[in-house]
Amino acid sequence: MSDEIKTQSQTPENKSQEIALDDARRVKVLSPSMLVFKRFIRNKLAIIGLVILVFMFIFSFAGGLFTPYGQSEVFKGTQTIPKDYAGATFNDELRYIVKTGMEFPNSARSKFILAVNKGLLTFDSGDSLYGYSMEGDNFYKIYALVPKVTALLLAGQYAYNDPDGVLTADLQTAFETAISSGMDSFELNGAEYVVQKAGKAYNLCVSEDLALASLMVMDAYDNANSNAINSYEFRYASEKAISDAITSFTFDGNTFTLSTEEEKTIIYDASGAAYAGISNIIVNPSSSDEVLTAAFKDSVREAIADDTDRFVYEDETYFVDDVNSNYYITRNTETLLIRVNESPSSEHLLGLDGNGMDVLTRLMYGGRISLMVGFVVIFIELFIGIIFGGIAGYFGGVIDNILMRFVDLFNSIPFWPLCFIVGSVMDTLDMNPKFRIFILMILLGVLGWTGIARVVRGQILTLREQDFMVATEATGIRVNRRIFRHLVPNVMPLLIVQATMGLGGIIITEATLSFLGLGVKYPLASWGNIINAATDIYVMTNYWFIWMPAGLLILLAVLGFNFVGDGLRDAFDPKMKR
Amino acid sequence: MWKFIVKRLITGAFIVLAGAFVVYAVIRCLPTSYVEAVARQRASNPTSTKTYQEWLFQLNAVYGLDKGILHGFLVWLAEAIRGEFGDSWLFGVPVVQKFQDVVWYSVILNLITLFVETLAGIPLGILAARKQYSKTDYAVTIFALLGISLPSFFLATTLKYVFAVKLQWFDIAGLVGRYHDQLSTFGQIQDILLHMVLPVITLGMLSIGGLMRYTRTNMLEVLSSDYIRTARAKGLPERKVINKHAFRNTLIPLVTYMSYLLPSMFGGSMITETLFQIPGIGYISYQAITKGDIPFTMFYNLFMFILTQVSLIIADIMYAAVDPRVRIE
């Protein structure tokens with residue numbers, strides 16, 4: 001079909017110009033670049049390489065536009081983990097409930113403990129005198145002894161000092177009897193009096209209720225009542241009832257009933273509603289912004305008494321962990337966590353890496369940097385290499401000698417050691433990751449141009465002897481034009497091949513440096529520093545999906561460049577045959 | 001001939017000096033954190049009578065760090081010419097002693113690699129050239145390009161993953177196993193060889209591609225030359241044509257190619273040794289360089305410079321030695 005059209009269109013032309021070359025011959029003649037192109041197309045490996053490269057460029061440069069995620073976007077997810085909610089412990093320290101308006105200083109409290117341990121019923125602290133009585137198991141009532149009357153024995157006669165005027169005849173008799181018989185206290189008309197000896201004088205003290213000491217803690221079911229139940233009077237009434245094992249008591253005209261179980265007692269008011277819980281187990285919230293209800297504390301105490309490891313309160317399960325009689329109450333809580341090293345899923349095709357970032361997205365952005373570094377470096381190399389090689393080759397002689405020794409110098413600088421030194425210098429200077437890439441590109445370019453300079457020089461040395469150069473000289477073209485417009489373009493085919501093959505090498509070098517942590521740095525991605533995760537043995541063995549794809553991409557990209565470079569060499573110079 | 005060698009030696013010496021200066025200048029840019037650490041350590045020693053500042057001052061003076069870069073370099077050079085390279089900062093022993101301790105691991109590793117590489121690379125290259133454009137040729141070419149394209153760290157990591165983690169044939173890193181000291185002499189050698197398998201594969205895989213392609217290109221050139229046609233025309237068996245007439249002539253460029261390998265032979269392979277934690281010169285100098293150990297780094301680089309220059313001269317001489325057509329002038 002197409003042939004027919006061709007012949008039709010060519011016929012009239014043929015008739016008009018008889019002297020023209022015959023068509024068969026003209027069609028066959030192709031421009032040199034077309035020949036190169038045709039030879040390139042025929043090379044299967046080169047085409048495979050080209051396809052790989054096209055894929056790589058689309059993946060890296062277009063991929064970043066289509067991926068919904070950012071290159072340093074961290075993904076977080078909620079996860080249920082047990083978290084401390086409350087702690088509980090048996091109270092072994094006496095707690096004091098001081099009557100309103102009274103004072104029971106700390107020094108007196110410690111004296112009280114001493115007195116209890118020694119079995120003394122009275123104790124003094126500072127100038128004050130105190131007494132206590134045991135009302136139940138670990139339940140004490142403390143009262144202050146207030147001196148009211150002082151009796152001084154003077155020549156067999158008592159002289160009384162009675163500022164308040166409390167001394168009655170009965171009391172005086174009882175007081176004297178007590179002094180003479182050496183009694184510490186006595187009772188008269190239902191009131192208790194204590195006799196205290198102070199030097200030669202005797203004090204008659206009246207006891208006044210001061211405080212309660214008990215191991216119990218009390219929580220109100222209704223917060224509004226918490227002051228009322230922790231009052232001295234209510235505590236005394238309720239605890240007295242508990243220690244006396246009475247199931248009900250009356251306070252302030254209200255009747256309260258008690259139900260006592262192991263380790264805890266619940267007080268119900270007249271209407272039968274729970275009013276307060278009392279126990280010797282203290283339950284405290286783990287965090288200060290949490291407020292525990294009396295009912296919850298009641299459940300905790302029940303669980304501790306039953307010795308179970310879990311209980312349900314208001315549809316939520318709590319776990320009780322007993323560590324040396326300290327109970328830790330935990331519950332499962334939804335917590336926001338970074339999704340580290342997550343396996344591939346439909347949402348994240350290659351999973352998430354150690355920082356909770358999408359691996360596929362980072363591969364795309366990493367490809368950009370890796371390819372960009374490759375191209376920039378090869379351009380730097382070409383730039384320096386063409387100038388040095390061109391000048392050395394064209395002028396020859398002494399200039400050539402000096403320039404080539406310079407090339408030798410650069411060539412003999414140990415590549416990796418210098419890269420490592422510069423990498424460490426950048427590390428210690430704590431350089432900005434973006435700036436690092438520029439330094440890296442310049443370094444690789446400056447260390448790598450010698451190969452290109454040699455190729456250019458070698459080619460130009462032979463080219464400059466050819467006739468077309470004599471022609472340029474004869475027409476008086478300027479020297480730099482002769483070098484860069486007439487000689488260098490003739491070296492171009494070889495340079496293109498060199499550059500293509502060199503690109504692969506540069507990508508490997510950059511990746512190696514990044515892999516060793518001396519090249520491109522986090523948070524920027526590069527294929528090399530993605531594989532860097534594999535230096536951690538744990539990541540290497542368990543999360544292949546993080547490092548394997550990056551390695552395969554490097555391999556593919558470099559292979560693509562090498563295939564294309566190989567194909568180009570064949571195409572430019574069919575005699576070379578690879 | 002002698003004039004050429006002397007000329008090359010003189011230019012080589014200049015290149016060595018200039019190169020050493022470049023490296024010295026760059027490494028001096030490293031903040032001397034190591035010296036500071038030592039000074040702090042010595043100052044905190046209860047028997048020390050000097051303060052941190054005094055120690056720092058003294059240490060800087062000892063290492064020539066208080067002078068300018070050029071002056072410091074000259075001080076270093078004067079010492080180096082007398083063969084005094086000082087103590088390594090990182091390892092605390094004389095640099096030369098540390099170098100002698102570790103260099104042989106690298107040499108053995110590289111010799112084994114070279115052996116394996118030559119044994120596989122040259123025959124495969126010849127095979128590919130003999131059957132140009134056949135399936136074998138394509139397979140060899142792809143394999144060679146694959147070897148060139150593989151990043152060493154990825155190859156090493158993959159090998160470790162497959163053979164050390166999944167199959168558990170080898171240890172993941174190191175030169176000796178856990179029970180190395182309890183083994184007999186023969187067992188110890190076996191142990192070390194076993195640990196060298198993965199590094200040798202890594203190193204071999206990386207360089208075999210280049211060797212294969214080089215052999216193939218040269219063989220193709222030789223095979224298209226007139227004397228091969230003559231040899232075939234006079235009825236020699238193909239085996240003889242290839243092995244005697246063709247192969248011997250491909251050896252010329254191969255010998256030069258081999259002499260370029262000299263620096264890497266003694267210089268070790270920094271990346272592979274680091275990845276497999278083989279205590280050869282590559283791994284040790286990698287540590288020294290990244291930690292800013294100036295004496296060791298300078299010694300190592302000077303050694304590499306000299307080695308490179310020597311290998312270049314040897315390559316030129318060898319080229320003339322194996323090919324009588326080449327005259328050196």
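The sequence lines fix the lettering, A, B, ..., with proteins before strands; numbering per chain opens at 1. The figures that follow rest on heavy atoms only: side chains count, while hydrogens, waters and symmetry mates do not.
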Worked check of side chain to side chain contact (heavy atoms under 4.5 Å, CB included) between B/Thr141 and A/Asp566: CA-CA 10 Å; B/Thr141 305; A/Asp566 216 46; 4.2 Å; yes
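- Between chain A and the residues B/Gly12, B/Ser224, B/Pro151, the largest count of heavy-atom pairs under 4.5 Å involves B/Pro151.
- Applying the salt bridge (charged side-chain N to carboxylate O under 4.0 Å, His left out) test to residues at least two apart or on different chains, none of the pairs has a partner in residues 150-159 of chain B.
- The two residues A/Thr541 and B/Tyr161 make their nearest non-hydrogen contact at O-CE1, 3.7 Å.
- For A/Leu559, the parts lying under 4.5 angstrom from a heavy atom of chain B are both the backbone and the side chain.
- Note on ring orientation: taking the six-membered ring where Trp is involved, the planes of B/Phe153 and A/Phe515 are parallel (angle under 30°, cut-offs 30° and 60°).
- Atom-to-atom distance recorded for A/Asn562:CG and B/Leu146:CG is 10.0 Å, nearest 0.5 angstrom.
- Heavy atoms closer than 4.5 Å to chain A are found in the side chain of B/Thr11, but not in its backbone.
- Heavy atoms of A/Phe420 lying under 4.5 Å from chain B belong to its backbone as well as its side chain.
- Heavy atoms of B/Leu307 lying under 4.5 Å from chain A are absent altogether.
- Contacts classified as salt bridge (charged side-chain N to carboxylate O under 4.0 Å, His left out) and involving residues 396-424 of chain A (residues at least two apart or in different chains) are given here: A/Asp400-A/Arg457, A/Arg405-A/Asp408, A/Asp408-A/Arg454.
- Residues of residues 505-513 of chain A lying under 4.5 angstrom from chain B, judged on non-hydrogen atoms, are A/Ile508, A/Ala511, A/Thr512 by number.
- Between B/Asn301 and A/Pro414, the shortest heavy-atom contact is OD1-CG, 3.2 Å.
- Options B/Phe154, B/Tyr300, B/Phe14, B/Phe305 differ in how many heavy-atom pairs under 4.5 Å they form with chain A, and the most are formed by B/Phe154.
- Interface residue A/Met548: backbone and side-chain heavy atoms are both found under 4.5 Å from chain B.
- With a 4.5 Å cut-off on side-chain heavy atoms, A/Pro417 and B/Met270 count as touching.
- A/Leu418 touches chain B through its side chain: at least one heavy atom from C-beta onward sits under 4.5 Å away, while N, CA, C and O do not.
- No other option in B/Thr274, B/Thr158, B/Val23 has as many heavy-atom pairs under 4.5 Å with chain A as B/Thr158.
- Contact count versus chain A (heavy atoms, under 4.5 Å) is highest, among B/Leu275, B/Val22, B/Ile15, for B/Ile15.
- The contact between B/Ile271 and chain A is made entirely by side chain atoms (from C-beta outward), counting heavy-atom distances below 4.5 Å.
- With a 4.5 angstrom heavy-atom cutoff, A/Leu516 touches chain B via backbone and side-chain atoms both.
- Here CD1 of A/Ile421 is found 5.5 Å from OG1 of B/Thr297. Values are rounded to the nearest 0.5 Å.
- Counting only residues at least two apart or on different chains, no salt bridge (charged side-chain N to carboxylate O under 4.0 Å, His left out) pair has a member in residues 139-153 of chain B.
- For the residue pair A/Leu409 and B/Gly19, the shortest heavy atom distance occurs at CD1-N, 3.4 Å.
- A distance of 6.0 Å or more separates the ring centres of A/Trp416 and B/Tyr286.
- Taking chain B as the reference chain and counting heavy-atom pairs below 4.5 Å, the highest number among A/Val422, A/Leu518, A/Ile413 is found for A/Ile413.
- Both the backbone and the side chain of B/Ser149 come within less than 4.5 Å of a heavy atom of chain A.
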